[in-house]
Amino acid sequence: MRRTLSILGSSGSIGQQTLKVAETCGHKVAAITVNRNVELAEAQARKFSPQLVAVVDEKAAADLRVRLADTEVQVRSGPEGLLEAAALPKADTVVTAIVGVAGLKPTLAAIDCGKRIALANKETLVCAGELVMARAKEKGAEIVPVDSEHSAIFQCLQGCRDRGEVRRLIITASGGPFYGKSCKELSLVAKEQALKHPNWTMGVKITIDSATLMNKGLEFIEAMRLYAMPPERIQVVVHRESIVHSLVEFEDGAILAQLGSADMCLPIQYALTWPERTPGPAKPLDLLSCPPLTFQRPDPETFRCLGLALECAEKGGTSTAVLNGANEAAVALFLEDKISFLDVPRLVEAALDRVPVLVAPGLDDILDADRAAREAVYQSVR
Ligand code: MG
């Protein structure tokens, strides 16, 4: 099945790999969006000839308009440009590869048009999962996860006729670059070390989240929302080799797993072609050259971000939006060398203590909680 894509966040790691999949598998590209990387946007636009390119930054958009003046490509700007790309009639599938809660409104816009969502923006489900899933059901929009763990679970659930037969979802975690380190050792790690993931090449925000294990916490909440599972039926296990991407245990005790090389092209492609499978660019896995597969217990005390996320998963309401907003702000400060590695969980915890939790929140409550959480983080470092 050939799809026509709108790729939100085409200059990022997932966006670029989506274009690689599109090129190999013959999917059309109707729209791409970037924040401000006009050089890459120009190259992508010339190669894939989309109808529309949206650039969030106004100045950068003006620059791109000049660069693409000799083409038919329409250039839009600002958050409205993003929404236009998400709702573009020509696209049947929207790949949400924007980082952070900034992906929430465009995802809802695509859902309202009944498009298939290839969901690569976990923060959307962490902040507003119940709202987003309910809206998708109402509008008949399919949500197919791109995150490797959730894609693995999605694949293991194919053929499962009754979700009541699922006993547990088991999410694997690589453990990141600092697995096994003590709090004392973590207090000394530098940004450069945190940016080196042992198994995956990814964008900077998710790489830091993988080092703090916040990524696994966010994925735990993402799994709860995607699969309507209570927290007690989801387990995180550390699997250093990143070969088993996640598992599902059924009521009879059978456990199904999905294995593959650490290559995001496969989950991206499956989100586009599901329920079909086609040849694609993903690197095949050679079982005979795999290291032994190991599974260990995570340590949410040392990796406090994971502990905090698990607490928010229980609490629900706006707490997950506060967790996410505070984390986004703290990670940005860490990347600017303004705070230390262990300040990330410290500031997230302080924000969770400060911002009150609302139950059954609407979209505005969620966005307010996100803002309050960021503000709490900025205030504690001022
Ligand atoms: Mg993942």
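Heavy-atom basis, side chains included; hydrogens, waters and symmetry copies ignored. Predicted model only: the values in this text are computed from it and were never measured. For ligands, and for the atoms within them, numbers begin at 1 and follow the listed sequence.
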**Prompt:** Listed by chain and number, what are the ring-ring contact (aromatic ring centres under 6.0 Å, His included) partners of Tyr378, not counting sequence neighbours?
**Reply:**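 For Tyr378 there are no ring-ring contact (aromatic ring centres under 6.0 Å, His included) partners, ignoring immediate neighbours.
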**Request:** Not counting sequence neighbours, which residues clear ring-ring contact (aromatic ring centres under 6.0 Å, His included) with Phe334? List them please.
**Result:**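 Partners of Phe334 by the ring-ring contact (aromatic ring centres under 6.0 Å, His included) criterion, ordered by chain and then number, come out as Phe341.
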**Request:** Show the numbers, then the answer: is there a side-chain hydrogen bond (donor to acceptor under 3.5 Å, both in side chains) between Asn37 and Ser11?
**Result:** CA-CA 7 Å; Asn37 189 346; Ser11 59; 4.7 Å; no
**Request:** Describe, in one word, how the ring planes of His239 and Phe295 are oriented to each other, choosing from parallel (under 30°), tilted (30 to 60°) and perpendicular (over 60°).
**Result:**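 Geometry flag for Phe295 against His239: parallel rings.
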**Prompt:** Got a donor-acceptor contact below 3.5 angstrom from the His27 side chain to the Arg3 backbone?
**Reply:**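 Such a contact is found between His27 side chain and Arg3 backbone.
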**Asked** Hydrophobic clusters join Ile, Leu, Val, Met, Phe, Trp and Tyr when side-chain heavy atoms are under 4.5 Å apart, directly or via other members; which others share one with Leu288?
**Response**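 Reading the cluster by chain and number, Leu288 sits alone, since nothing else belongs.
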**Prompt:** Which protein N, O or S atoms sit under 2.8 Å from the Mg ion (ligand 1)?
**Reply:**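 Short answer, with waters excluded from the count: Asp147 OD1, Glu149 OE1, Glu219 OE2.
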